[in-house]
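Structure record follows, encoded as structure tokens.
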Amino acid sequence: MTFNVRRTISQGRQPFLLSGLNSRTQNSAYPCRPLSRGGGTPPLHWNCRQFQIMFQTPINHEMDTYSLFLIAEAGSSRGRPGARPSITKQDDHKGRPYVWFLAMTTITACVLLGIPSALAFNEQIREAVTAVKNSKDQIPWLQDISGFVQNRQYFDAERDSAVEEFYELRDDWRLEAKWRFNDYFSGVTSSHLELDYGLNKDDFHPIEQTYKLWEAYGETEWKSLNIRLGRQIIRWGKGDEVNPIDNFTPENFKEFFNFERADRKLPVLATVIKYFLPHSMEWEGIWIPFFQPNIFAEADQDWQPFYVKDLQAKGFTFLPEARPRRSLESSVYATKLTHRGSFADISLSYAHHYDQMPAYLVHRDPLFLFGLAPTPGEVETVWRHEHSVGGDFEFTYKGWGFRGEAAYTTDQPFIIQDLNDDDAVIQRDVFKSIVGFDYTYKSDNYMNVELTQTVIPHYTHGMLPRKYESSVLFRLRRNFFHDKLQIQFSGIVELTDVDFYYKPEIIYEMKENLEFRAGFYMFEGERDGFWGQFDKNDQFFVSSKYYF
């Protein structure tokens, strides 16, 4: 899984992960050309079937995702415009003994009643999709229409805040159209509808309702040259979730790790040029004219990192974000040279970019100690300029898959003083690497293990992260009934501290295009740990996903 294992406030910024991808599910090296596991299958936006249905509901039409500035409203009541009236009113101490009973009953109902209702829904969607697909015959340049509908429900195992949602209902609808005008020019257009609702002790309310353009790009192919221009998802690397060389395009962390990285990646406006050289060589160049950072949970939500919550609780004022200017001077570019051999795939890469994670510069007001200032200080949110040089490899041997990836990144920001003192941010170079292997046994058992390592060569005494930090990612799976039923256990363990996350789940493929999941997320560790900060966010989940 994609993460940078270090202590939560180790970089003086929101403690989230840097980069990564599952190269098996998406790598758009060349959409119509089969690749090895290292190159992945054709990109998700070519073979992932996506769907969306429009219906009457208040929707915020936005082209851009919410920015981190939303978390700067310290002490705000989240400000939900258009929130629904309260449907449940009760005293703070009433009803709490029934939370677990309600959660377990609802989960059981979702599983037992959700299957037949999903099957009925499946047939309704199938009829609508068939009608739409039949209409494409009247449009010669419309190649295909596809999509998915996904429903997710979360039930908190522990209620630790009066404002948190102990039940969340999230729906995603996506529709994608593929175009091909001739042998040289094609394209993809997709849209995304997101409907999120939460239930706390007072009411059932909307969290977010957005409809946005997802991917929209044109692509031209001529001999050995491929050019793609427009909104697109870019992903590099060989690791499943940890990808040190893929640190210049954004991810969605509003639900933290409830999504795998393949689903967390966000599209950006970019130009991608690929040129296929002799001797199985390939050159790729990327230019992103406008910087887009990761997006995070809003103020008071479950997945807001403790470092930001801590500053808000202490009364600090968050200044407007100091994002890089939307100009050519702040654009991002990267390049990669890959050799795809008969035994192994190997690549070298370089990126000139901004850190996707913001640095929080805390400016304390000394007059606050004497009661002469209304707040203890201000927090400035900035993004630092960085350079990354790296590479990856992958090969198979007698059924075993081996892969690795590493990157040396310059000038990452770190906190060097205790939070109780004046905070200072120091910039240091960082080396990150992963090595991993996977194997599928004849008994249908699957094992995947990856070891990550973070090293700060020029370590300075007083920095909160250690000079060396390591972690292990694992995924174990057992298939039953001709792969229709899967029992999977995955997680990440930080070896430096007692800090870990794991997820047992059951996956049932009822039909070829209909899948159900049920499981449990558990986080454990110290409050300032990467995973331990969400120790009170353990939750059950059930989900269904329909593809067409």
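Only a predicted model underlies this, so the values are computations on that prediction, with no experimental measurement involved.
Using bins of under 30°, 30° to 60° and over 60° for the plane-to-plane angle, the ring pair Tyr441/Trp400 lands in the perpendicular bin. Taking the six-membered ring where tryptophan is involved, the planes of His387 and Tyr350 are essentially parallel, since the angle between them stays under 30° and well short of 60°. Using a 30° and 60° split on the angle between ring planes, Phe431 and Tyr408 fall in the tilted class, from 30° to 60°. Ring geometry for Phe402 against Phe437 counts as tilted: the plane angle lies between 30° and 60°, on a 0 to 90° scale.
Looking at Asp429, its side chain does come within 3.5 Å of a backbone N or O of Asp411 through a donor-acceptor pair. Here the side chain of Thr220 pairs a donor or acceptor atom with the backbone of Tyr184 at under 3.5 angstrom. Thr249 places a side-chain N or O within 3.5 Å of a backbone atom of Ile234 that can act as its donor or acceptor partner. Here the side chain of Glu221 pairs no donor or acceptor atom with the backbone of Ile227 at under 3.5 angstrom. Judged by distance alone, the side chain of Asn294 and the main-chain N or O of Glu251 form a donor-acceptor pair under 3.5 Å. When atom types are taken as modelled, the side chain of Arg228 and the backbone of Tyr217 share no donor-acceptor pair closer than 3.5 angstrom. The backbone N or O of Asp240 sits less than 3.5 Å from a side-chain atom of Glu450, completing a donor-acceptor pair. Side chain of Gln356 to backbone of Gln292: a donor-acceptor contact under 3.5 angstrom is found. Of the possible polar contacts, one joining the Arg231 side chain to the Trp214 backbone as a donor-acceptor pair under 3.5 Å is found. Looking only at distances, no side-chain donor or acceptor of Thr396 sits under 3.5 Å from a matching main-chain atom of Gly401.
Between Asp345 and Arg340, the shortest heavy-atom contact is OD1-CA, 3.3 Å. Asp183 approaches Arg180 most closely through the heavy-atom pair O-NH1, 3.7 Å. Counting all heavy atoms, side chain and backbone alike, Leu269 lies closest to Pro289 at O-CD, 3.3 Å. Residues Val542 and Ala518 approach most closely at CG1-CB, 4.0 Å, considering heavy atoms. Here the closest non-hydrogen pair linking Ala406 and Pro244 is C-CB, 4.3 Å. Summarising the geometry of Gly237 relative to Glu405, their closest heavy-atom pair is CA-OE1, 3.4 Å, with the distance given to 0.1 Å.
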### Query
Can you check salt bridge (charged side-chain N to carboxylate O under 4.0 Å, His left out) on Glu260 and Arg264, steps first, answer last?
CA-CA 6 Å; Glu260 293 187 356; Arg264 294 197 307 267; over 6 Å; no
### Query
Are Val268 and Gln232 close enough, and set up right, to give a side chain to side chain contact (heavy atoms under 4.5 Å, CB included), and what steps lead you there?
CA-CA 6 Å; Val268 292; Gln232 54 192 294; 5.5 Å; no
### side chain to side chain contact (heavy atoms under 4.5 Å, CB included) assessment of Gln488 paired with Leu476
CA-CA 6 Å; Gln488 181 170 273; Leu476 307 174; over 6 Å; no
### Query
Could you walk me through whether Val455 and Val430 pass the side chain to side chain contact (heavy atoms under 4.5 Å, CB included) check?
CA-CA 6 Å; Val455 180; Val430 180; over 6 Å; no
### Task
Check step by step if side chain to side chain contact (heavy atoms under 4.5 Å, CB included) holds for Met281 and Leu337.
CA-CA 7 Å; Met281 300 290 290; Leu337 184 64; 3.8 Å; yes
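A salt bridge is absent between Glu282 and Lys336; no separation between the charged side-chain nitrogens and carboxylate oxygens falls under 4.0 Å. Taking the charged nitrogens against the carboxylate oxygens, Glu386 and Arg384 have no contact shorter than 4.0 Å, which rules out a salt bridge.
Figure legend: Arg478 and Phe480 shown as a cation-pi pair, the cationic atom lying under 6.0 angstrom from the six-membered ring centre and within 45 degrees of its axis.
Between Trp283 and Tyr275, the ring centre distance reaches or exceeds 6.0 Å. Between Phe395 and Tyr397, the distance from one ring center to the other does not fall under 6.0 angstrom. Taking the six-membered ring wherever Trp is involved, the centroid distance between the rings of Tyr333 and Trp287 does not fall below 6.0 Å.
Partners of Arg517 under the side-chain hydrogen bond (donor to acceptor under 3.5 Å, both in side chains) rule, at least two apart in sequence or in another chain, are Glu505, Glu515. In terms of the side chain to side chain contact (heavy atoms under 4.5 Å, CB included) criterion, residue partners of Phe181 (sequence neighbours excluded) are, by chain and number, Trp141, Trp179, Phe185.
Using a 4.5 Å heavy-atom threshold, the side chains of Asp355 and Pro413 count as touching. Between Ile286 and Thr335 there is no side-chain heavy-atom pair separated by less than 4.5 Å. Taking 4.5 Å as the limit, some side-chain heavy atom of Tyr360 sits within range of a side-chain heavy atom of Phe318. Residues Val472 and Ile492 fail the side-chain proximity criterion, which asks for heavy atoms closer than 4.5 Å. In this structure, the side chains of Glu215 and Ile233 come closer than 4.5 Å at one or more pairs of heavy atoms. Using a 4.5 Å heavy-atom cutoff, the side chains of Thr338 and Ile346 are not in contact. The shortest distance between side-chain heavy atoms of Ser330 and Phe291 does not fall below 4.5 Å. Side-chain atoms of Phe253 and Ile295, non-hydrogen and from C-beta on, never get closer than 4.5 Å to each other.
Between the side chains of Glu219 and Asn226, at least one donor-acceptor pair of N or O atoms lies under 3.5 Å. With hydrogens and angles left out, the side-chain atoms of Gln209 and Tyr197 include a donor and acceptor closer than 3.5 Å. For the residue pair Ser347 / Asp392, a side-chain donor-acceptor distance below 3.5 Å is found, with atom types taken as modelled. Side chain to side chain, Thr409 and Lys432 fail the donor-acceptor criterion of an N or O pair below 3.5 Å. Using a 3.5 Å distance cut-off with no hydrogens or angles, the side chains of His339 and Ser280 do not pair a donor with an acceptor. Inspection of the Ser544 and Asn151 side chains reveals no N or O donor paired with an N or O acceptor under 3.5 Å. Side chain to side chain, His192 and Asp172 meet the donor-acceptor criterion of an N or O pair below 3.5 Å.
Rounded to the nearest 0.5 Å, atoms CZ (Phe541) and CD (Gln153) are 12.0 Å apart. For the atom pair CZ of Arg170 and OH of Tyr154, the computed distance is 6.5 Å after rounding to the nearest 0.5 Å. One distance of note links CH2 of Trp383 with NE2 of His353; it measures 15.5 Å at 0.5 Å rounding. Distance check: Thr440 OG1 to Tyr446 OH gives 6.0 Å after rounding to the nearest 0.5 Å. Considering CG of Asn448 and CG of Asp438, their distance stands at 5.0 Å, rounded to 0.5 Å. In this structure, Asn479 CG and Ile487 CD1 are separated by 10.0 Å, a value rounded to the nearest 0.5 Å.
At most 12 heavy atoms of other shown residues, nucleotides or ligands fall within 6.0 angstrom of atom CZ in Phe481.
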